[in-house]
Amino acid sequence: MSNKLFTAVICILCIFALSGCATSNSVKIASFEAQIGTIIDSIEDINENMNAIDADSDTAGTQMLKYMKELSSAIDNLAAVEVPSNEYQYVNDLAVEAQEYIGEAITLYSQVLSSGTEYDPDIAEEAYQYYQKACRRVSIIVSLLHGNTPSDVEISYQ
């Protein structure tokens with residue numbers, strides 16, 4: 001009889017332990033999603049501010065650089081979010097790529113704006129291309145988190 005009682009107690013303890021793990025993972029995923037949501041909201045605000053810049057303004061270039069640096073900081077935050085499972089690993093991978101691209105865009109755009117340097121439209125275009133690549137990575141993250149896989153993107157869930 002004690003063997004059956006022991007087995008029953010072990011089964012009950014296993015059930016509690018397993019349900020605790022599921023709850024812990026659910027909490028991690030909820031925290032992850034909340035953090036990502038806050039960062040994406042911040043990125044959307046930065047994007048709105050960038051789009052509101054008056055291109056004819058004398059300060060348009062410095063304003064753009066300021067917002068690009070804010071975007072870089074938000075992308076850094078995105079890459080730093082702890083991924084709760086391999087299911088979301090693409091967030092970190094894409095965010096790291098976005099970090100690299102926005103960093104290059106800032107470097108090149110800073111060259112365009114540096115005083116004493118003649119404006120070079122090729123460098124400006126290259127900076128814009130890197131900026132677009134960074135934004136595309138963020139856009140893909142948002143799409144994937146909403147359950148949509150862009151048709152031109154190949155993602156592996158390892």
Side-chain angles (χ1 to χ4, degrees), residues 1-53 61-113 125-158:
M1 182 73 165
S2 67
N3 197 14
K4 288 183 181 179
L5 179 60
F6 178 74
T7 303
V9 168
I10 294 297
C11 287
I12 291 171
L13 288 175
C14 286
I15 291 170
F16 282 131
L18 291 174
S19 67
C21 291
T23 302
S24 175
N25 196 38
S26 297
V27 169
K28 287 180 182 177
I29 290 173
S31 173
F32 166 79
E33 289 173 348
Q35 289 175 1
I36 294 293
T38 300
I39 294 167
I40 296 301
D41 289 345
S42 170
I43 289 172
E44 288 172 353
D45 290 343
I46 294 166
N47 185 50
E48 286 178 24
N49 290 334
M50 288 176 140
N51 289 330
I53 294 173
T62 55
Q63 286 178 323
M64 181 60 121
L65 186 58
K66 174 186 166 251
Y67 290 128
M68 286 176 74
K69 288 178 180 179
E70 286 180 20
L71 179 61
S72 177
S73 178
I75 292 172
D76 289 346
N77 292 338
L78 188 61
V81 172
E82 184 179 338
V83 178
S85 68
N86 284 343
E87 178 183 353
Y88 295 103
Q89 185 58 44
Y90 63 83
V91 171
N92 185 267
D93 296 343
L94 290 167
V96 168
E97 288 178 16
Q99 279 179 303
E100 293 168 6
Y101 289 133
I102 196 66
E104 190 62 33
I106 289 170
T107 298
L108 292 169
Y109 198 66
S110 294
Q111 287 178 9
V112 170
L113 294 177
E125 178 60 27
E126 187 177 1
Y128 179 71
Q129 293 301 318
Y130 277 111
Y131 165 77
Q132 288 291 93
K133 288 178 181 181
C135 290
R136 178 68 177 139
R137 284 358 179 234
V138 172
S139 173
I140 293 168
I141 290 170
V142 171
S143 292
L144 291 169
L145 289 172
H146 285 113
N148 304 318
T149 303
S151 61
D152 61 337
V153 175
E154 187 175 316
I155 298 293
S156 74
Y157 299 96
Q158 298 177 355

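The CG atom of Asn49 sits 7.0 Å away from atom NZ of Lys66, with the distance rounded to the nearest 0.5 Å. If you take CD on Gln35 and CG on Asn77, they are separated by 9.5 Å, rounding to the nearest 0.5 Å. To the nearest 0.5 Å, the span separating OH on Tyr90 from CG on Leu145 amounts to 4.0 Å. With values rounded to the nearest 0.5 angstrom, Glu44 atom CD is found 12.5 Å from Ile39 atom CD1. Rounded to the nearest 0.5 Å, atoms OH (Tyr67) and CD1 (Ile53) are 6.0 Å apart. Note: Glu100 CD to Ile75 CD1 = 11.5 Å, rounded to the nearest 0.5 Å.
Residues Tyr88 and Glu33 form a side-chain contact, since some pair of their non-hydrogen atoms from C-beta on lies under 4.5 Å apart. With contacts defined as side-chain heavy-atom distances shorter than 4.5 Å, the pair Val81/Val91 does not qualify. With a 4.5 Å cut-off on side-chain heavy atoms, Ser42 and Ile46 count as touching. Contact of the Glu97 side chain with the Lys133 side chain is not registered, since no non-hydrogen atoms from C-beta on lie closer than 4.5 Å.
Contact record, Ile29 with Pro84: CG1-CG, 3.9 Å, taken as the closest heavy-atom pair. Heavy-atom minimum distance, Ala79 versus Asn92: O-ND2, 2.8 Å. Between Tyr131 and Leu71, the shortest heavy-atom contact is CE1-CD2, 3.7 Å. In this structure, Ala74 and Ile43 approach most closely via the heavy-atom pair CB-CG1, 3.6 Å. Residues Ala95 and Ile141 approach most closely at N-CD1, 3.9 Å, considering heavy atoms. Contact record, Val138 with Ile40: CG1-CD1, 4.2 Å, taken as the closest heavy-atom pair.
Under the 3.5 Å distance criterion, the side-chain polar atoms of Ser72 are left unmatched by any main-chain donor or acceptor of Met68. Panel note: side chain Ser110, backbone Ile106; a donor-acceptor pair is recorded below 3.5 Å.
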